[in-house]
Amino acid sequence: MNPETLKQEAYIDIEACNNLKELEAVRIKYVGRKSELALMLRGMKDLPLEERKIAAPELQQARREIEEMMASKEKELASSKEEAMVDLTRPGARHAFGHLHPLTLMEKEVVDIFTSMNFSVIDGPEVETEHYNFDVLNIPANHPAREMWDTFWLKGGKDSGSRKLLRTHTSPMQVRYMETHTPPLQIIVPGRVFRYEATDASHEINFYQVEGLMVGRDIGLANFKYVIEEFLKKMFGPKTEFRFRPSYFPFTEPSLEVDVRLVGGKGKQSESLRAIAESRKSEWLEVMGAGMVNPKVFEAAGYNPEEWQGFAFGVGLERLAMLKYKIPDIRLFYSDDLRIINQF
Amino acid sequence: MKFSYSLLKEFAPQLPPKKRLVEELNLKAFEAEVLEGDALDISLPANRYADAASHWGIAKEASAIFDIKISLPAGFGRAVNVPSGNNLLLIKVEDPGLCSRYDAVLLSLEKKSASPAWLKKRLETCGLRPISLIVDIMNYAMLETGQPLHAFDYDKIAGEGKSKKIIVRRAKAGERMEALDGKTYQLSAGDLVIADKDGILAIAGIKGGRKAEIDSSTRKIVIESANFLAPSVYSTSRRLNLVTDASARFSRDLSPELAEYCANRAAYLVKELAGGKVIDSLDYYPRAAKSEIIGFSAEKAASVLGVSIRKNEAAAILKKLGMAILTSKNKRFDFLVQTPVLRRDLQTMEDLIEEVGRIYGYDNIPSRPPHVSLKPAETDDILVAKRRTRDFLRNLGFSEIYSYSFFGRSSSDWIWSSSPKEKTLLEIQNPIASDKKYLRGELTSYMLAALQDNSRHFDELRIFEVGKVFSAAGERFHLTIGFGSKDKAASPALKGVVNQLLLSFGITEIFFRPSGSESTLIEIDHNVVGRIGVVDGRDRRAVAELDLEEIKNASSEEFEYRALPKYPSISRDLSLEFDSAVPVGDVLEEINRAKAEHLWDVDVTDYYDQRRFTLRLVFQAWDKTLRDEEAEREAASIINQLKRKFSFAIR
C-alpha cells in the first residue's frame, strides 16, 4: 500500500472515532509496532540505497501526518469529554472588587444632581483664615454667634483676621469664589470641615459639607425652594415632602432650615427615613441650613448688593448618608474597618 | 431655653394649646418642642435674646402669629410715682462705654417669708433652682422680661447715706472676688465690675459676690437692673469660663430699654411677696436707646422672597410684630418702618423682608425654576483627578477609607520632600486630644494602621485613601495606596498599580528611583511625586503615597493613533543565573545601555529570587520582517553588555 492511500484510510478511521478507546485502537492499527507502516519502515533496510532515499522520507512523512491527525482528534475528544462535566451550579469566582467610601458615594450623588442643574463644582482650602471663616460672613469676634461654630485654631498668627483656623463650614468659599468670579453664578463646594467638640454618635471633629451658592439679578427664595426640592426629590424619592422653617445665620437674611418627610411611598428610602423619624419621635428630619445671601456678604466680596441677590445653603454629607444608608453612628465613617466599607 | 406654658398664657390669655403653639412657632419663629408637664423648649437664635428670650417676648411672637392680644401683669412698664432722689445711694459709672444704663431700686423689707409654691414651681419648670424669696423674685422677673437682675444687701455696701456708692468700673489686674457659689475669681484689667469703695460686689452681668449677698438678716435691698456692653461681658465670661443665665443674655446684646420694665416688675413682686417698700430709686441712663427707621419696598420684598405680597399685607404683618408704619417721602420705598426699640436685630430692609416672609409663611412661597443665561458648568481639575483616581482604584479592587485630619506626632516619616517648610507640620492651638495635636502631613501612617487593623479579617488587602495633607508650605491632596498579602510579594503588585494609575492619566515618563533599602521614589519627568515602599521587611505589606496635585498637573489627554506593526516581532527569553544578588532595575538599565536597535520591550516573566530570573526581550522592526539572525545578534550584544557588569550564566 502506498503512503498516500495509507494516510487517507487512516484519516477516515480517525474521524470515525467516538472516544479515546477507539482512537487507541486506530493508533495501534496504523502506527503501532506491528502496523503495516512500521513493518514497511523496518523493511527499508533491505531496499537498495537509491530506492530507500526516496521511499523512507515519504513513509516518515506519512507517519508524522497520521500522528498529527490523531493528536488533534484526541484533543477534540478530550475537550468534549470536559464539556460534559461543566457544572454551572458552581459559585462564581470571587474577583477582587473595590468599594468606595459611603461619603464618597454620597458626595458623588449630591454633586451629580447639582451638576445636572448646571452648578459648577469648586474646591476650597481646609485651613482658613479668621477673615474668610468668620469676619466676611458677618460673624464678628467677641460675638456669641461664633459659638455656633466651635473652632480649632492653629498656632502662630497673632493679628486678628489673619489668624489661621480649620474651617468650621464650607461657607468661606462663598466670598472666596465671588472675589474672583463675576455673577451670575451657581456653584457647589463639597469639602471637609472641622468642629472643636466632644464626639458622640452624631458629632465628629471632622465631617463633610456641601455648600451651595447661586447669585443673579433676581434670584429669590422661590428659586431656592425649586432647586432644593428638585435636589431632595432626586435624593430621597419623588414623594418627599418638604418644610421650610425660619432660622438664623449671620450670613443669610432671611435664614431658613429645611426639613424632609416621606409619606405614602413604599420605596426603600422612605422606609429608612420613616424608621429614623420614628426613633427620633419626630416625623420631620432636618437636612440643611440655608437662606438669601446677606447684603453684607456681597459687600465683603466686592459685589453691589443693590444689583445682585441670591441664595446659599449648606448640607451635611454624613447626615444624608446616615439617613440614606441607615448608619446609626457618625464615628463609623472614620473607622478603617473594611467590613463596613465593603458593604457599599 | 425652657418656658412655662401657663406663664405664657398669662401674657397671652388666648394662646392656643401647646401642640399648636409649638407647631406654629416652628414654622414661623423659633425651633420649639413640647416637654413634660408645663414646660416648653424654645431655641432662641443669638440675635433674638434682646426681645424674645422671655415669656413676654414669646407671647409677643405668638400674638403676631395668631393675631391675639397681649396682657401685661401688674407693675409691668415704666416707673410711676416711685420715690427717688432720697440720696440713700449714689451710682458712679466710670466707663459709660461699657454700661449704658444702671437702674437701681431700693426697698426695705417688712416681713421675712419663703417663696410661694407657685413661684418655685415656675422656676423649676424653666430649669432654675429656687434659692430664697428675693433671689427667686429676681430670677422670676428675668424669666418674664428677659432682663437679668441682681439684688444687693444695702447695708453691706460700704459707706453711709450720700457716701454709699455703687461704682461701675474696670477691674485692676489680679483683683479677686469671692462669688456666691464660694469660688474665687481672679479678674483681669478691663473686666467690668460692680464695686463699692472697698471692693468688688459683682462681676458685671455675670455673677454676684459674697460681699453684699442677701441673707436672712437682710433689711434693705438694692435691685440692680442694668445694661452692660455685650462683647465686654462675653469676653470676660469666656475667659473666666463662667457662663450664667445673666452672662448668656448680656452677651447677646440686650436693649437698655428693657432694664426699666424689669426693675419695676421686680419691685412690684417684692412689695407683694416680701412686704417690701420702695425707699429710693435711681436711673443712670445718659443716652436713651432709639428705635430704627427703615424704608420698605414691596418690590424688593417680592424679588427676594419670589412672591408678591401686597404692601398693605406686608404693613399689616409688620404692625402685628409691634412696628409702626410711617409714610415715606422717598419714592424708592412704599413706607417707612419704625422698629420696636427692643428689636436690636432689625437694621436693614432685608431684616424686615425676613419678618414679612416668615409670618407670611415660607411654605406659602411657591417654588419656581430660576431663569438664568446658560454658562457651561465646570468642575475644578483637582476634583476631577480625585474622582478618576477613586474610580480607577475601586475598579482594581481597592476599597476606600477616610481617616482623621489630625496627627499625634510632630513629624511625618513618609514624606519625600527635603524642604524644611514641607516637613514642618501645623500645630493646633487647642487640640482636643494629645494624639490630635497636629494636622497630618501624610496619609501613610493611617494606611499602615488600616493594613494592620484589617489583616485579621482578610487574606489580601487593597486599600486607598484620598485626602488633604498639611504643612507649613500649604495643603495638598494626597493619595495613599496599601497592599497586603499573606503569601504574595506586595511591592511589585503595588508598583504595578501605581504604574497603571499614572498611565491612565496619560503619564508615560514614569521612573522608580530606589531610595534606601525599602523604598523607592516615584518620579514623573524627573520630578519626585511620591514614594512606594515595603513596610514589613518580608514584602507582604507595601504602601505608596503620591501627590495628587502633581499627578493632575502632569496628566495629559493627548493620546495619538499609531499604526499597528505590519511585521511580526521576535521574542527571546533570557533565563539568567547570577553569581550574587542583583537588582532587576540595574539589569534593565544595563540592557538600555546596549542600545539594541530593534529592542521594543523587556519584561520580567519569571522571578525566582534575586539571583535567578527570566527576561523576555521583544524585537520589532517597523519597516521589514526582522530576521532571526538580526534578533540573535542584538540579543548577543545585550548579553555582552550585561557581562561587562555582572557575572552570570544563561540557563
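From a predicted model like this one, the values you see are computed outputs, not experimental measurements. The figures that follow rest on heavy atoms only: side chains count, while hydrogens, waters and symmetry mates do not.
- For chain B, the nearby part of A/Met214 is the side chain; its heavy atoms alone come within less than 4.5 Å.
- In this structure, the portions of B/Arg390 lying under 4.5 Å from any heavy atom of chain A include both its backbone and its side chain.
- If you measure heavy-atom distances from B/Val372 to chain A, the contacts under 4.5 Å come from the side chain alone.
- Contacts of B/Phe458 with chain A are made by side-chain atoms alone, with heavy-atom separations under 4.5 Å and no backbone atom involved.
- Comparing A/Val111, A/Ile122, A/Leu165 by how many heavy-atom pairs each has under 4.5 Å with chain B, the most go to A/Ile122.
- Looking at A/Phe344, there are no atoms closer than 4.5 Å to chain B (heavy atoms on both sides), in backbone or side chain.
- By the 4.0 Å N-to-carboxylate-O rule, A/Lys164 lies too far from A/Glu130 to be salt-bridged with it.
- No more than 12 heavy atoms of other residues, nucleotides or ligands lie within 6.0 Å of NZ in B/Lys437, so this atom counts as exposed by the packing criterion.
- Both the backbone and the side chain of B/Tyr402 have a heavy atom closer than 4.5 Å to some heavy atom of chain A.
- If you measure heavy-atom distances from B/Phe398 to chain A, the contacts under 4.5 Å come from the backbone alone.
- When each of B/Tyr234, B/Tyr446, B/Tyr49 is scored by its heavy-atom pairs under 4.5 Å with chain A, the top score falls to B/Tyr234.
- Of all heavy-atom pairs spanning B/Ser399 and A/Asn342, the tightest one is OG-OD1, 2.8 Å.
- The aromatic rings of B/Phe406 and A/Phe194 stand perpendicular to each other, their planes meeting at an angle above 60°, with 30° marking the opposite boundary.
- A salt bridge does not link B/Glu549 with B/Arg476: every distance from a Lys NZ or Arg NE/NH1/NH2 to an Asp or Glu carboxylate oxygen is 4.0 Å or more.
- Electrostatic pairing of B/Arg344 and B/Asp253 counts as a salt bridge here, judged by a charged N lying under 4.0 Å from a carboxylate O.
- Your options are A/Tyr334, A/Phe242, A/Phe97, A/Phe152, and the one with the most heavy-atom pairs under 4.5 Å with chain B is A/Phe152.
- Ion pairing between a basic and an acidic side chain is recognised when a charged N comes within 4.0 Å of a carboxylate O; B/Arg358 and B/Glu61 show such pairing.
- A/Leu256 touches chain B through its side chain: at least one heavy atom from C-beta onward sits under 4.5 Å away, while N, CA, C and O do not.
- The parts of A/Lys108 that come within reach of chain B are both its backbone and its side chain, each placing non-hydrogen atoms under 4.5 angstrom from that chain.
- A salt bridge links A/Asp123 to B/Lys468: one of the charged nitrogens lies within less than 4.0 Å of a carboxylate oxygen.
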**OP:** Take B/Lys300 and A/Gln309 through the test side chain to side chain donor-acceptor pair (under 3.5 Å) and record every step on the way to the result.
**Re:** CA-CA 10 Å; B/Lys300 177 71 178 169; A/Gln309 64 187 37; 2.9 Å; yes

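- In this structure, chain A has heavy atoms under 4.5 Å from both the backbone and the side chain of B/Ile365.
- With a 4.5 Å cut-off on non-hydrogen atoms, B/Glu427 touches chain A through its backbone and its side chain both.
- Only the side chain of B/Asp453 comes within contact range of chain A, judged by heavy atoms closer than 4.5 Å.
- When the candidates A/Asp337, A/Val127, A/Val227 are compared by the number of heavy-atom contacts under 4.5 Å with chain B, A/Val127 comes out ahead.
- Ranked by heavy-atom pairs shorter than 4.5 Å toward chain A, the options B/Asn395, B/Ile353, B/Leu439 are led by B/Leu439.
- Using a 4.0 Å cut-off between a side-chain N of Lys or Arg and a carboxylate O of Asp or Glu, A/Glu257 and A/Arg243 do not qualify as a salt bridge.
- With a 4.5 Å cut-off on non-hydrogen atoms, B/Arg48 does not touch chain A at all.
- Judged purely by distance below 3.5 Å, without hydrogens or angles, the side chains of B/Ser405 and A/Arg192 pair a donor atom with an acceptor atom.
- Within the 4.5 angstrom heavy-atom criterion, no atom of B/Ser232 approaches chain A.
- Counting heavy-atom pairs closer than 4.5 Å to chain A, the top residue among B/Pro45, B/Ser303, B/Pro231 is B/Ser303.
- No salt bridge links A/Glu229 with B/Arg368; every basic N to acidic carboxylate O contact stays at or beyond 4.0 Å.
- Relative to the six-membered ring of A/Phe244, A/Lys225 meets both conditions, a distance below 6.0 Å and an angle of at most 45° to the axis.
- Contact annotation for B/Leu383: only side-chain heavy atoms (C-beta onward) come within less than 4.5 Å of a heavy atom of chain A.
- Salt bridge annotation for A/Arg217-A/Glu307: present, with a cationic side-chain nitrogen under 4.0 angstrom from a carboxylate oxygen.
- Interface residue B/Phe477: only side-chain heavy atoms are found under 4.5 Å from chain A.
- Residue B/Arg387 places its CZ atom among more than 12 non-hydrogen atoms of other residues, nucleotides or ligands, all under 6.0 Å distant.
- Two residues are said to be in side-chain contact when any heavy atoms from C-beta on lie closer than 4.5 Å; B/Asn454 and A/Asp336 meet this criterion.
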**OP:** Take A/Thr104 and B/Glu400 through the test side chain to side chain donor-acceptor pair (under 3.5 Å) and record every step on the way to the result.
**Re:** CA-CA 9 Å; A/Thr104 297; B/Glu400 185 182 26; 2.7 Å; yes

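- Ranking B/Ala248, B/Ala230, B/Gly474, B/Ala450 against chain A, the residue ahead of the rest is B/Ala450, based on heavy-atom pairs under 4.5 Å.
- Contact annotation for A/Pro250: neither backbone nor side-chain heavy atoms come within less than 4.5 Å of a heavy atom of chain B.
- Of the listed residues (A/Ser120, A/Gly220, A/Pro246), the one with the most heavy-atom contacts under 4.5 Å to chain B is A/Pro246.
- For a residue to count as touching a neighbouring chain, one of its non-hydrogen atoms must lie under 4.5 Å from one of that chain's; by this rule A/Glu126 touches chain B with backbone and side chain alike.
- Neither the backbone nor the side chain of B/Leu393 comes within less than 4.5 Å of any heavy atom in chain A.
- Ranked by heavy-atom pairs shorter than 4.5 Å toward chain B, the options A/Pro295, A/Pro305, A/Gly216 are led by A/Pro295.
- Taking OG1 of B/Thr236 as the reference point, atom CZ of B/Arg239 lies at 5.5 Å (rounded to 0.5 Å).
- Between A/Thr151 and A/Leu166, the closest heavy-atom pair is CG2-O, 4.4 Å.
- Per-residue heavy-atom pair counts under 4.5 Å with chain B were compared for A/Tyr196, A/Phe311, A/Phe224, and the maximum is reached by A/Tyr196.
- Of the listed residues (B/Pro431, B/Gly467, B/Ser373, B/Gly397), the greatest number of heavy-atom pairs within a distance under 4.5 Å of chain A belongs to B/Gly397.
- Only the backbone of B/Ser403 has a heavy atom closer than 4.5 Å to any heavy atom of chain A.
- At a 4.5 Å heavy-atom cutoff, A/Glu230 makes no contact with chain B through either its backbone or its side chain.
- Contacts from residues 22-31 of chain B to chain A, taken as heavy-atom pairs separated by less than 4.5 Å, involve B/Asn26, B/Leu27, B/Lys28, B/Ala29, B/Glu31 in sequence order.
- The contact between A/Tyr208 and chain B is made entirely by side chain atoms (from C-beta outward), counting heavy-atom distances below 4.5 Å.
- Paired with A/Phe119 under the rule ring-ring contact (aromatic ring centres under 6.0 Å, His included), one option of A/Tyr177, A/Phe114, A/Phe231 passes, and it is A/Phe114.
- Contact of A/Leu100 with chain B is made through backbone and side chain together, with heavy-atom distances under 4.5 Å.
- The environment of B/Glu460 atom CD is dense: over 12 non-hydrogen atoms of other residues, nucleotides or ligands sit within 6.0 angstrom.
- For the pair A/Asp259 and A/Arg245, the salt-bridge criterion is met [side-chain N within less than 4.0 Å of a carboxylate O].
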